[in-house]
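So the structure is just underneath, and the comments pick up after that.
No experiment lies behind these values; they were computed from the predicted model shown.
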Amino acid sequence: MSKISELLKNICYAVETCFLASKFYFSMKLVAMLATTAIPLLNYALWREILNGIVDYESSDNRVIVCLALYLALTMLTYILNNFSSYVENRYTDEIRIYFDKILMEKTSRVELSFFDSASENDKLNYVRSHVVSVMYSTVWQTFSILSSAVNVTATLIIVTAYKWWLGLLTLALLVPYLLYNQSYAKKRMRMEKEQLRDNRKKDYCYNVFFNSDVQFEIKLYGIGDFFIRRYKSLWKKLYRINRREDVRHSIISLLILLLNLASEAIVLAVSALEAAVGLIGVGDLQYNLSMVSTLRSEAESLVSSVNDFAVEEINYAAIHEFMRMKTEGEKSGTKIPSENPKIEFCGVSFHYPNSEEYVLRDCSFTINPHEKVGLIGVNGAGKSTIVKLMFRLYDPQEGQILLDGVDIKEYDIYALRRIFGVLFQDYVTYSLPLREIIALSDFDERFNDEKLRRACDISGASEIIKDWNDGFDSVLGRNYEDNGKDLSGGQWQTVGLARAYFKDSEYMVLDEPSAALDPVSEDRIFEQLYHLSEGKSSVTISHRLSNTTLADKILVIEDGHIIEEGSHRELLMKNGRYAQLFNLQAEKYV
């Protein structure tokens with residue numbers, strides 16, 4: 001009962017959501033489906049009267065003409081309804097796709113970042129992306145298809161058993177092997193699809209690298225195209241062999257079951273032919289009986305197939321429903337609104353990434369005071385970028401607390417928290433959009449504020465890049481969608497990313513290796529702006545070049561997942577500890 005209850009609940013949810021996707025087209029499709037269910041049965045009865053009337057024309061009077069006119073009218077109506085139904089289905093499919101695409105994009109934008117660190121979770125996401133529209137759409141229409149087939153099976157079964165009671169039962173009995181095999185095959189195909197999901201993703205990855213402009217450089221430089229082609233063909237052949245073997249087996253078994261099912265039509269044809277030969281029934285009755293048995297068989301097969309497909313889609317639906325019910329960041333968010341320049345404290349924080357047991361941070365503690373400019377340094381893998389991600393609640397620590405103005409960070413609204421920061425990560429993102437939109441992504445409502453755009457470009461150095469561009473801020477970057485798009489170097493892209501961070505005009509700047517791809521002149525300008533033109537603002541800067549952090553109010557040295565030294569540049573040099581060692585090591589290279 002609980003399984004049936006869950007099934008009915010899922011059906012109701014699917015019907016409700018598909019109805020909400022487009023109430024108009026949902027209603028029109030339903031009307032067309034119900035209308036086309038009854039017309040074939042009426043046509044069979046009319047055709048029987050027409051054939052019998054033609055054979056016995058003298059006693060038929062005008063009945064043949066009337067039935068023929070009705071038959072032609074219903075046939076014409078069927079064509080009209082089918083065309084109308086196809087049009088409605090096409091439009092409704094578009095409505096469902098945009099509806100669920102929007103839900104999927106909104107959901108994905110709100111799930112935790114840890115979701116993307118898991119291969120199994122990415123499998124789920126790809127599965128949902130591939131199936132959400134088809135599953136939700138088919139769940140609804142399979143429900144109505146089951147109802148439609150059930151009505152047709154009931155009606156034709158009554159008609160067939162009224163002619164020969166045993167004939168209807170025989171037709172249904174011969175369908176038992178089809179029912180069992182169809183159910184088994186549907187479950188097997190579902191299982192195979194899930195088993196092959198990872199290999200299909202790998203295959204698609206090998207294919208898609210050829211269309212990634214960022215990878216093309218190395219494909220040509222190292223001649224690795226053949227490697228990806230071989231890997232693609234190997235995966236394709238592996239999947240092809242498995243599916244071909246199953247397809248051959250399925251074709252043979254399906255043919256044998258079809259021949260078995262056709263036995264009922266052969267029997268009714270033989271019985272009706274004998275009765276027609278001795279005058280017990282007319283030619284129209286013979287054709288009618290054959291049509292009814294054929295319809296009973298096909299509708300019963302359709303009913304069985306729809307029920308089995310629905311059972312399989314129920315498994316699909318469960319996976320989709322699980323994703324849709326997944327808790328988002330907002331659901332784990334607090335309600336407090338942070339100040340623009342809060343005091344940030346890490347109190348005994350320990351953290352490891354999902355699906356990893358190795359701790360990146362261990363008992364990490366430090367304080368960043370309001371209006372303080374902090375340099376965060378350490379070797380690769382020490383945990384510098386992880387600290388920034390925890391500050392933004394992209395992840396939550398397993399142990400310890402992060403406090404904003406003395407309050408646990410979890411009590412703050414997660415989106416309001418992120419809005420106080422202007423950010424540039426070392427893995428800067430490139431977009432194929434007009435420059436004004438790329439820069440204004442940090443404060444999109446201000447994208448037409450050219451004065452604000454110019455200020456951000458002047459501070460970041462992007463003005464030098466665009467000074468000779470005819471379209472200025474409306475120039476499109478990247479050549480994915482524009483033949484005349486501007487193609488920037490890595491350093492120029494990083495400068496544009498920095499302009500985006502400054503455009504937000506935040507009180508709190510976080511820069512993770514902001515000059516990694518820049519020339520010395522641009523690098524010097526960035527830190528000049530950061531330390532001298534941003535008085536009264538807070539900043540956290542991560543840089544491997546220690547000369548960039550010498551003017552910081554406080555430098556935090558992280559090693560083995562926790563802070564081992566802190567102080568100003570001068571104080572740390574006087575300590576002659578780890579910071580002094582790293583600084584002198586770099587300074588020697590310039591002497």
Side-chain angles (χ1 to χ4, degrees), residues 108-122 326-334 336 338 342-369 372 374-421 423-428 508-514 538-544 549 554-566 578-579 582:
T108 306
S109 71
R110 300 301 189 192
V111 295
E112 295 181 19
L113 192 60
S114 58
F115 178 87
F116 300 97
D117 293 327
S118 167
S120 59
E121 296 296 336
N122 273 281
M326 186 187 306
K327 284 192 173 182
T328 63
E329 293 175 320
E331 292 171 290
K332 300 176 71 174
S333 173
K336 288 182 175 293
K343 177 181 180 182
I344 299 176
E345 299 174 82
F346 273 55
C347 305
V349 170
S350 295
F351 172 78
H352 63 79
Y353 285 97
N355 304 306
S356 173
E357 297 180 356
E358 183 178 353
Y359 276 84
V360 181
L361 300 178
R362 284 187 177 276
D363 194 24
C364 183
S365 300
F366 62 87
T367 300
I368 302 175
N369 293 305
E372 193 171 40
V374 174
L376 185 59
I377 70 165
V379 298
N380 288 335
K384 303 183 297 297
S385 296
T386 300
I387 286 176
V388 172
K389 292 174 183 177
L390 293 176
M391 284 169 54
F392 300 156
R393 279 204 73 193
L394 297 175
Y395 298 94
D396 286 327
Q398 283 81 22
E399 301 173 22
Q401 273 188 313
I402 302 173
L403 306 179
L404 261 67
D405 292 329
V407 179
D408 194 312
I409 197 172
K410 295 179 182 179
E411 295 188 26
Y412 289 93
D413 181 286
I414 196 168
Y415 304 114
L417 166 70
R418 292 171 186 169
R419 282 195 293 269
I420 70 174
F421 296 102
V423 187
L424 175 64
F425 282 109
Q426 56 181 319
D427 298 324
Y428 54 88
Y508 217 118
M509 290 292 294
V510 178
L511 305 177
D512 186 356
E513 290 294 343
S538 301
S539 68
V540 175
T541 306
I542 298 173
S543 179
H544 284 107
T549 59
K554 180 166 62 183
I555 297 171
L556 303 175
V557 184
I558 183 170
E559 195 166 281
D560 296 329
H562 62 276
I563 304 301
I564 59 170
E565 292 180 352
E566 81 174 71
R578 182 59 169 159
Y579 174 81
L582 293 174

- Task: Give a yes or no answer on whether the side chain of K384 reaches the backbone of V379 with a donor-acceptor pair at less than 3.5 Å.
- Result: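 Pair found, side chain donor or acceptor close to backbone of V379.
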- Who are the side chain to side chain contact (heavy atoms under 4.5 Å, CB included) partners of T367, not counting sequence neighbours?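 Testing T367 for side chain to side chain contact (heavy atoms under 4.5 Å, CB included), a comparison that skips the adjacent residues, returns K343, E345, N369.
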- Listed by chain and number, what are the side chain to side chain contact (heavy atoms under 4.5 Å, CB included) partners of L404, not counting sequence neighbours?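 For L404, the residues satisfying side chain to side chain contact (heavy atoms under 4.5 Å, CB included) (neighbours in sequence not counted) are P338, P342, I344, I409, Y412, L417.
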- With sequence neighbours left out, the residues meeting ring-ring contact (aromatic ring centres under 6.0 Å, His included) with F366 are F346
- Partner set under ring-ring contact (aromatic ring centres under 6.0 Å, His included) for H352, not counting sequence neighbours: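 ring-ring contact (aromatic ring centres under 6.0 Å, His included) check on H352 returns Y359.
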- Which pairs count as salt bridge (Lys or Arg N to Asp or Glu O under 4.0 Å) when at least one residue sits in residues 556-565, sequence neighbours excluded? E559-R578
- Item | Y579/T549 under side-chain contact (heavy atoms from CB on, under 4.5 Å): CA gap, chis, key distance, verdict | CA-CA 11 Å; Y579 174 81; T549 59; 4.2 Å; yes
Atom [atom1] in [X], atom [atom2] in [Y]: separation rounded to 0.5 Å?
| X | Y | atom1 | atom2 | answer |
| --- | --- | --- | --- | --- |
| R362 | S350 | CZ | OG | 6.5 Å |
| L376 | L511 | CG | CG | 12.0 Å |
| C364 | E399 | SG | CD | 12.5 Å |
| I387 | I368 | CD1 | CD1 | 8.0 Å |
| Y395 | L361 | OH | CG | 12.5 Å |
| D396 | L390 | CG | CG | 8.0 Å |

- Item | Closest contact, heavy atoms only, F392 versus R418 | O-NE, 2.8 Å
- Which heavy atom of S385 sits nearest a heavy atom of I542, and at what distance?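 Scanning both residues completely, I find the closest heavy atoms to be N-CD1, 4.0 Å.
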For [X], enumerate each residue passing the side-chain hydrogen bond (donor to acceptor under 3.5 Å, both in side chains) test, keeping only those at least two apart in sequence or located in another chain.
| X | result |
| --- | --- |
| D363 | none |
| Y508 | none |
| T386 | Y353 |
| D413 | none |

- Task: Sequence neighbours left out, what passes salt bridge (Lys or Arg N to Asp or Glu O under 4.0 Å) with K554? Give chain and number order.
- Result: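 With neighbours one apart ignored, the set is E372, E566.
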